[in-house]
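Below: the structure, in structure tokens.
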Amino acid sequence: MAKNFTSKSENYSQWYNELVIKADLAESSAVRGCMVIKPYGYSIWEKMQQGLDQMFKETGHENAYFPLFIPKSFFSKEASHVEGFAKECAVVTHYRLKMDENGKGIIVDPDAKLEEELIVRPTSETIIWDTYRNWIQSYRDLPLLINQWANVVRWEMRTRLFLRTAEFLWQEGHTAHSTEKEALEEALRMLDVYTDFAENYMAMPVLRGTKSANERFAGAIETFCIEALMQDGKALQAGTSHFLGQNFAKAFDVKFLSKENKQEYVWATSWGVSTRLIGALIMSHSDDNGLVLPPKLAPHQVVIIPIFKNDEDLAKITECITPIITQLRKLGIRVKFDNRDSQKPGWKFNEYEFKGVPVRLAIGLRDIENNVIEVARRDTLSKEQINIESVVEHIEKLLVDIQDNLFNNALARRAALTTEVNSYTEFIEVLDSKGGFISAHWDGTPETEEKIKQETKATIRCIPLDNNLEDGVCIYSGKPSIQRVIFARSY
RNA sequence: CGGGGUAUAGCGCAGUCCGGCUAGCGUACCUGCUUUGGGAGCAGGGGGUCGUAGGUUCGAAUCCUGCUACCCCGACCA
């Protein structure tokens, strides 16, 4: 339940919830741990979908759709995979309700018990690989590059709007290849796509790397990830791309006949990002005045607020602004002209600030006389008067500028919150004082990582891909280390 | 699942300890007039089975019991 708006310095969780609720993005549903995504929140997701989907298509992928329900037996095939998900699955056991004879209302009909339980997908690897077995016969059927936009359910113990809900929306790509090399390349290609999207659409810098064995996806040989840093110094895993080796091919018996006429198991990848990205976007840029959206993802990039006293004034303003709206739309800029007389200008200013609209124009009779329009930008909250003749050109540049500025600010913030440490004492001190990414030597063992996690709640977020090899000693065990890795407390 | 908190009008809350008049405040909503360049002012008005089920009582938002949901912190995870 929403409280009064508070500064993020006091309570980041509360600040975050306020943003989500007051900017009209989402709310908790009546179903435990699920969320209702409101139209404005969903339109941000749609923009994300559009951007990602285009990138997927450009890299040769196609969309398909697989069932929501997965027979329980499918889960017994890949052992480590089921271990990773079994604890948090919603299970369908019956298929009918009935009226209770003792007047207790609607009850589950005990006679309608399913022969085999159905699992509401926590991810679709199993059912997709079961399907792929029939789709793949020959090397000519490969590579198989498929993406699915879907909802999945994970019965998490603790939930949080957008960041970890019981049901969430995502895309999951599942590909099959004839060689290990090609599959590995695919996993890395999709990591590039995610990086591109995070940095150039969301204006959110990300670290690219591999996960340590402890953090690796259940059933994967290697998990690549992009890690973002939120304003409060906590890390957020923004996307993952997995190299699955032949684990799923073997578990689901997916073989192909090679050019050499030999039966071989296919090589696989999977990759996904979810509505968690909305949470990441909110926490990357927003301030105490509300949401701050990067132009590329903002449902409305420009909002125009006429200042008028009567219908006559509005008619004059409309006449003046209409050609500008037309020109902006021709450039593909998403413009909203809020000419409602049911709300006052001041109210609208605050409203669109809350919703994070990148550029706001205000125009009244006074401006028309002076041949100017007031242009306000959301990222810096600054305003200036621009000549009507040059306003379209100005806005076009301004949108690019805001997009860049948001990225650069986030990048600078991340740099300020990234620290190299060389001892465990220093590690703990930095973790508790400012948080953020901490670059430190690690001996490479899961045991050390686990102990650090238990003692400090910090985990290895990733081993950066372009890491410089550097001899050193593990901050925890003192054993030799060949490189620094990135630690952080995370969401 | 462990610890803490909350549930009263669309939203935010008071009232609950110590039971008692018609359940109140802010905001939002409706009507009218004045307003309109940073969340307008005045006047009038509508909206509540007090989360739910049961109990105690002449009488329950208030006391007792069960249940449910949500929020925060932890373990788990995208």
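So you know, we letter chains A, B, ... as the sequences are listed, proteins then strands, and number each from 1.
One can place NZ of A/Lys453 at 13 Å from P of B/G74, the figure rounded to the nearest angstrom. Summarising the geometry, the separation between NZ on A/Lys234 and C1' on B/C77 is reported as 13 Å, rounded to the nearest angstrom. As a whole-Å value, the separation of A/Asp338 CG from B/G37 C1' is 15 Å. When the P atom of B/G38 is taken as reference, atom NZ of A/Lys383 falls 7 Å away, rounded to whole Å.
Side chain of A/Asn370 to main chain of A/Val372: no donor-acceptor pair is present (N/O by atom type, distance under 3.5 Å, no hydrogens or angles). Checked by atom type and distance alone, the side chain of A/Asp196 never pairs as donor or acceptor with a backbone atom of A/Asp192 at under 3.5 Å.
Using a 4.0 Å heavy-atom distance criterion, A/Ser274 is classed as a base contact. In this structure, A/Thr165 reaches the bases: a heavy-atom distance under 4.0 Å links it to at least one base atom across the strands shown. Looking at heavy-atom distances under 4.0 Å, A/Leu163 makes contact with a base. Using a 4.0 Å heavy-atom distance criterion, A/Lys211 is classed as making no nucleic acid contact. Note on A/Lys348: nothing from the nucleic acid sits closer than 4.0 angstrom, heavy atoms only.
Residues passing the ring pair (Phe, Tyr, Trp, His ring centres under 6.0 Å) test with A/Tyr201 are A/Phe197, sequence neighbours excluded. Taking A/Glu88 as the reference, nothing meets the salt bridge (charged side-chain N to carboxylate O under 4.0 Å, His left out) condition, with sequence neighbours excluded.
Minimum interatomic distance between A/Glu78 and A/Asn247 (heavy atoms only, all atoms of both residues): OE2-CB, 3.4 Å.
Remark: the separation of the C1' atoms in B/G41 and B/U22 is 30 Å, to the nearest Å.
With hydrogens and angles ignored, a donor-acceptor pair closer than 3.5 Å exists between the side chain of A/Glu353 and the base of B/G38. For B/C77, its base never sits under 3.5 Å from the side chain of A/Arg154 at any donor and acceptor pair.
Applying a 4.0 Å cut-off to non-hydrogen atoms, none of the residues of residues 117-126 of chain A approaches RNA chain B. Residues from residues 356-365 of chain A that place a heavy atom under 4.0 Å from any atom of RNA chain B, listed by number: A/Arg360, A/Ala362, A/Gly364, A/Leu365. At a non-hydrogen distance threshold of 4.0 Å, nothing from residues 197-207 of chain A comes into contact with RNA chain B.
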Do any N or O atoms of the protein come closer than 3.5 Å to N or O atoms of nucleotides 43-46 of chain B, and which pairs are they?
none

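Judged by closest nucleotide on RNA chain B, A/Glu374 is the one of A/Glu374 and A/Asn214 placed further toward the 5' end.
Side-chain atoms of A/Glu125 and A/Ser270 include a donor-acceptor pair closer than 3.5 Å.
Between A/Phe243 and A/Phe224, the ring centre distance reaches or exceeds 6.0 Å. Less than 6.0 angstrom separates the ring centroid of A/Phe217 from the ring centroid of A/His81.
Considering only the side chain of A/Lys344, B/G37 comes nearest among B/G39, B/C72, B/G37. Nearest nucleotide to the side chain of A/Trp347, out of B/A75, B/G38, B/G39: B/G39.
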